[in-house]
Every structure is written in structure tokens, then in C-alpha cells.
Amino acid sequence: MRPADYLPPFDPRDHIGAPTDPEDERIEVGVLIVGAGPAGLACAIRLGQLLESAPEVRERLGEVPVAVLEKGKQPGSHLLSGAVVNPRALRRLFKGRKRIDELPFYGPVEHESVYFLTPRRALRIPTPPTMKNEGNVVASLSQLGRWLAEQAEESGAMILPETAAVKLLAADGRVRGVRTGDKGRGREGQELGNFEPGADLVARVTVLAEGTQGHLTGVALNRFGLAGENPQVWALGVKEVWKVARPLNRVIHTMGWPLRAAAKYREFGGSFIYPMGEDMVTLGMVVGLDYRDVELSVHDLLQELKTHPLVRKLLEGGERVAWGAKTIPEGGFLSLPKRLHAPGLLICGDGAGLVNVPALKGIHYAIESGSLAAEAAFAALQRGQTPSTPGALAVYDDALRQSFVWKDLQEVRNMRQAFGRGFWLGGALAGAMTATKGHFPPGNTRTERDVDQELIRTDRAQSYPAPDGTLTFDRLSSVFASGNKTRDDQPNHIVIRRDVPPELARMWERMCPAQVYEAAGDGVTVTPSNCVQCGAITAKGGRLTPPEGGSGPEYTLT
Ligand SMILES: Cc1cc2nc3c(=O)[nH]c(=O)nc-3n(C[C@H](O)[C@H](O)[C@H](O)COP(=O)(O)OP(=O)(O)OC[C@H]3O[C@@H](n4cnc5c(N)ncnc54)[C@H](O)[C@@H]3O)c2cc1C
Ligand code: SF4
């Protein structure tokens, strides 16, 4: 049985259409950016810089030249990453304006270790070249996002938090903007006392910077035929931040346990443990969503990881202060869309799939692609240009292809796919790919969709540790630690089939780090208000749509 056999009815065409508000009631902005993550905020900052020296273009863009929509309570609320940041793209973005040491970082990576774990032992192995972090810095992406949002506002952008873009506005073959979601609806969709209808926001250029599992990005790829030949695949990352008694002086990555190496399980991933200054440590587990065992739970694997002597020692005497989860697009170069523009539209960051999987890096690609999108939009807004004519924004694709982003991703293009063949064979192939800078193997490996993996069932769950409330936790206390206070009487935003076989219901129950699903009799029950919008359900047989703006986690340290 495959999750793909039970896909819910979901038609992207229901999420795209012409503006419906009367023309004089539409909100007009110059450039509309969806998503206040590193990609969207870099785009806003770069546009601000370019408009600073082109007052006549700014003038023509009207009262609000640049607007950024963010569904979280504030910028940063939905941002979660490792995060070791390669500062390359930030240096370019702030060239001549800010030094890297003025940004909110916890400091440079000074030492690093990679371990292969067995249940009791940790064998130090040489750091693979793709995982080296010399010159990189440690951050909380949520904190960096808040800081970038301040810079974007200072450069003239208007940021609209608690605002979800739910429909792509398109007419006459071009993107016109987005419609924002209604607020104040009850569980059955009825209007409550505080009801506020959504609005049409129209713009000359719309930039989708929605990150992983972007709702409108998927709709746009479908509508404009932009998807590439290979499907996208994802991993789920679950992380915690700890206040610790002793500082950690290095970045740690682990492979092996608690994942199983045999090819039949398809368990690809590992853990990261990063220092955040003198008194905090962040640690997380990242696992490919092409796994097959219905009992696999990334939330519980992270709990298990903390019981390993290597990790337990680091956390001893400490206290968990934050928790969160998010997916990562892992298909890499082979899964990139054919084009990242359409008339009036640009797509950047994780929404486009710009992630280097062996390096676990996407932030600098998000920032670089956002900056390049800004430059392309700015060029198309000059007098005499029309961004909505076909090909007017193609310079963005050209610039991205010329950039380090493309070169980096091309070199590791088959790496993720190789690990579908098990840890040992995948590791050997990855080594050969690194040594030849991607020339071996010469062709492109096929990518299999996460939903197409046949499910199996083992007794894996029996060895997950029982939550003790000190070192190990259950999911509900994790959801609490994410700051999630979603109103529990809003409409359900998760699209799944309820009449699914017990194996699939069980798989969702284990997969969801926020305890949204419960296998029940001949189907599954759903508690949508627990959802932290990680996106895993979209990879494994359902569809996450944006809930009411302002819902979901309120991350501050992730
Ligand atoms: C566990 C984990 C560890 C990682 N570790 C690292 C690391 O160490 N280093 C590194 O470089 N990269 C790392 N990455 C990857 C990195 O975090 C991403 O590549 C990066 O965040 C992508 O930036 P983005 O701006 O494209 O998307 P995001 O950071 O996801 O931001 C998108 C924003 O858009 C908003 N949004 C989405 N849809 C809508 C909508 N319809 N309406 C309104 N708002 C919307 C979201 O709420 C969010 O704020 C990691 C990722 C994970 C999950
Ligand atoms: S319901 Fe889906 S999107 Fe929400 S937290 Fe659970 S798996 Fe993630």
C-alpha cells in the first residue's frame, strides 16, 4: 500500500483565479512578496536598495512600492532552521552597508566533528568535504528573520504579518497578485462576530518566497507548466533548543543510529548539534520522507538520540527551551522547476527547491535567489518595460544559472537520490560524486516521489524512550514548546482522506510531530489546531493549506 493510493481530492485550479474585489477596492502595491523568510526579506531589502537610487521608479510604484506578506504572528514566527549559515549571500546583500559581525549571529564555527553512531558508541569520522563549515556562522533563523525584517522596513518595505496568501490571482496569462485569507470563520466556515474577509492585493510583480511546500508555489508550477521532469522530495526536520550547563565548542553532525542502514527501510538522514553562544545548544534530527516504516517518527527519533551517551552528556543539567519542526525540499538540482518565472511572477528560495542536501544548507541560496529576484523585478520595472509580458523576467533564471547557487547544486545533483539505495551503497556513491565534483555518475538518477513508497510495518516504535519530562518529551509538550496557540475552532486547513486503511492512518499518526492525527477504527481523526505547519503531510499523501493568518507556532529561537 502506498500513500499515493489515497490522495485526497485537491485541484490546484481552485486556488487560482482572477481578482474578485471591485477594481477600486483592490489593494495596489508595486512588488508583492509572499513570505518573510530569508528569500522574501532579502528580496525586499535588495529592492529597497535599488529603489533608493531610482526615485522615479519608486514614484511609479505608488504608495506601497514593496509589500511582504507573512502568515506567522510576526516575521520569524514560522522560521526554523539548523542553523549554520554560509555568509556569502549576506555579504553581497549588505556590501558597503553592514559588516557580518553586525548581524545577529552566535559566532563563527570554530571546530567541527562528524560521528557515526551505534546505539552506545560514537565513532569520529573525517568530515566529508561537502559538510565542512569553515568560515560559516551559527544563527537562529527566527532571530535572523526578525532582524532582516527590520532592515526591510528601514529600506521602505511594508510588512504585513498574520496575513496568509491563499489564492494566486491570475488573468490573461499573467499573475496579478494574491488574495489573502479570511479571518474569523468558525469550524464549519461560518462567519463569527470578528469576521474579516480577505482582500485582493495586486502588484506589477509577485515574488513567491513561501519556503518549503509553498501552497501558491505549487499552484503556480502547475498553472504555468513550470515543474521539472523529476518530482520534488522532502525530509522532515525536528529540532529543540536547550539551555545548557556547559558551553559546546563545536558543530557536531551524526550519521547512523537511530536510523537503520538497510535499503528496505529507506531511512536517510542524520542529526545536527550546534552551539548557540555560551549557554545554549540546538539539536535536531532530519529524516527523508521517502521512509517506508509506518512506525517511524522523527519526533521520537530525536528523543531517542538524546539518550545516546554522546548527546546525553552535552545536555546534562540543562533544560529544553524551544521546539519546532519543518520540512526541507531535498530533490536538489534534479528536482528544480524548468523555469522560475512566469509573466508577472518570480519564485525563489526553498519554494524553488534551492537546498544543498549533503551540506544541509539553503539559507544562503534563499538570500541569493531573493536578491537576484529583486534585481530582475527592478530591471523589468524600468520605464518602457512590462514585467507581465512573457519572458520579461527571464533574466532572473539566467542570473541564477550564472550564480554560485547553480554550480553548487549541480555538483551534488545525484547525492540525495543515491541514498534511496541504502546507507552503505549511498555513502559510497556520494563519496565518488564528491571526489569527481559531480561528474560521476555521468547521468541523472531518477527521483521517486515520497508518496509512492510502499509502506511496511515493523516494531520500531517499541524502542522509542518513554517521555520523562526532563530529557525526553511527548508531542503535546513539544507543541506547547513551539508557542502554538492556534484557535481550535477555526476551519480545518489539512486536506486528507479520512477513510484510509489502518496502516496509512498509523503512518500519519507517527509522522506528524505535533500529534494532529489519530488512527481511529476505520480511518483517522484530526486536531488541526496542534499543527505547526511543517509540511510533512503534503509529502506523504495529504495537503497542508495555509490556515488563518497568525495561527501556528510562534518560534523565537529556532
Ligand atoms: C531542520 C532544518 C535544519 C536546517 N539547517 C540549515 C542550516 O544549518 N543551514 C542552512 O543554510 N539551511 C538550513 N536549512 C534550510 C533552510 O532553513 C532553508 O533553506 C531556508 O529557511 C529557506 O528560506 P526561504 O525564505 O525560502 O523559506 P522559509 O525560511 O521557509 O520562509 C518562508 C516564509 O514564508 C511564509 N509563508 C509561506 N507561505 C505563505 C503564504 N502563503 N502566505 C504568507 N506567508 C507565507 C512562512 O511562514 C515563512 O515565514 C534547514 C532546514 C531545516 C528544516
Ligand atoms: S498536520 Fe501535517 S503539516 Fe501540520 S504539523 Fe502535522 S505533519 Fe506537519
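Fair warning: this is a prediction, and the values are worked out from it, not measured in the lab. Atoms within each ligand, like the ligands themselves, are counted from 1 in listed order. Hydrogens, waters and symmetry mates play no part in the numbers below; they use all other heavy atoms, side chains included.
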Which is it for [X] and ligand 1 at heavy atoms under 4.0 Å: side chain, backbone, both or neither?
X: P38; value: both
X: P75; value: neither
X: L79; value: side chain
X: T163; value: backbone
X: V34; value: side chain

Please indicate whether any nitrogen or oxygen in [X] is less than 3.5 Å from any nitrogen or oxygen in ligand 1.
X: V355; result: no
X: T327; result: no
X: G349; result: no
X: E210; result: yes
X: I363; result: yes

Among all the protein's non-hydrogen atoms, which is closest to [atom], and how far away is it?
atom: atom 7 (C) of ligand 1; result: L360 O, 3.1 Å
atom: atom 2 (C) of ligand 1; result: I328 CD1, 3.8 Å
atom: atom 5 (N) of ligand 1; result: G82 N, 2.9 Å
atom: atom 44 (N) of ligand 1; result: K71 N, 3.1 Å
atom: atom 12 (N) of ligand 1; result: G362 N, 3.0 Å
atom: atom 5 (S) of ligand 2; result: V532 N, 3.4 Å
atom: atom 49 (O) of ligand 1; result: E70 OE1, 2.6 Å
atom: atom 3 (S) of ligand 2; result: G535 N, 3.3 Å
atom: atom 34 (O) of ligand 1; result: G35 CA, 3.0 Å
atom: atom 6 (Fe) of ligand 2; result: C512 SG, 2.4 Å
atom: atom 50 (C) of ligand 1; result: S81 OG, 3.3 Å

What atoms of ligand 1 come within less than 4.0 Å of a heavy atom belonging to [X]?
X: L80; result: 1 (C), 17 (O), 53 (C)
X: L69; result: 43 (C), 44 (N)
X: V84; result: 7 (C), 8 (O), 9 (N), 10 (C), 11 (O)
X: K326; result: 28 (P), 30 (O), 53 (C)
X: A39; result: 25 (O), 26 (O)

For the residue pair [X] and [Y], confirm or rule out a side-chain donor-acceptor distance under 3.5 Å.
X: S271; Y: T254; value: yes
X: E70; Y: T163; value: no
X: D474; Y: S477; value: yes
X: N484; Y: T486; value: yes
X: R176; Y: T206; value: no
X: R413; Y: Q410; value: no

If we number the atoms of ligand 2 from 1 as shown, the ones under 4.0 Å from a heavy atom of I494 are 1 (S)

Nearest heavy-atom neighbours spanning L557 and A322: CB-CB, 4.2 Å

Please state whether the separation between atom 4 (Fe) of ligand 2 and some N/O/S atom of C531 is under 2.8 Å? yes

Just so I know, are the side chains of [X] and [Y] near enough to count as touching, which here means a heavy-atom distance under 4.5 Å?
X: Q151; Y: L41; answer: no
X: W234; Y: K326; answer: no
X: R92; Y: F404; answer: no
X: Y365; Y: C348; answer: no

So does [X] pair up with [Y], basic N to acidic O under 4.0 Å?
X: K485; Y: E554; answer: yes
X: R506; Y: E503; answer: no
X: R185; Y: E548; answer: no
X: E267; Y: R460; answer: no

N/O/S atom of C534 inside 2.8 Å of atom 8 (Fe) of ligand 2, strictly under: yes

Measure centre to centre between the rings of F94 and W147, then say whether the value is under 6.0 Å. yes

Which class fits the ring pair Y517 and W508: parallel under 30°, tilted 30 to 60°, perpendicular over 60°? tilted

Aromatic rings H15 and H215: how do their planes relate, parallel, tilted or perpendicular, breaks at 30° and 60°? perpendicular

Can you tell me which portion of Y517 lies within the under-4.0 Å heavy-atom range of ligand 2? Options are side chain, backbone, both, or neither. side chain

Is there a heavy atom in A83 that sits closer than 4.0 Å to ligand 1? yes

Please confirm whether H215 approaches ligand 1 to less than 4.0 Å, judged on its heavy atoms. no

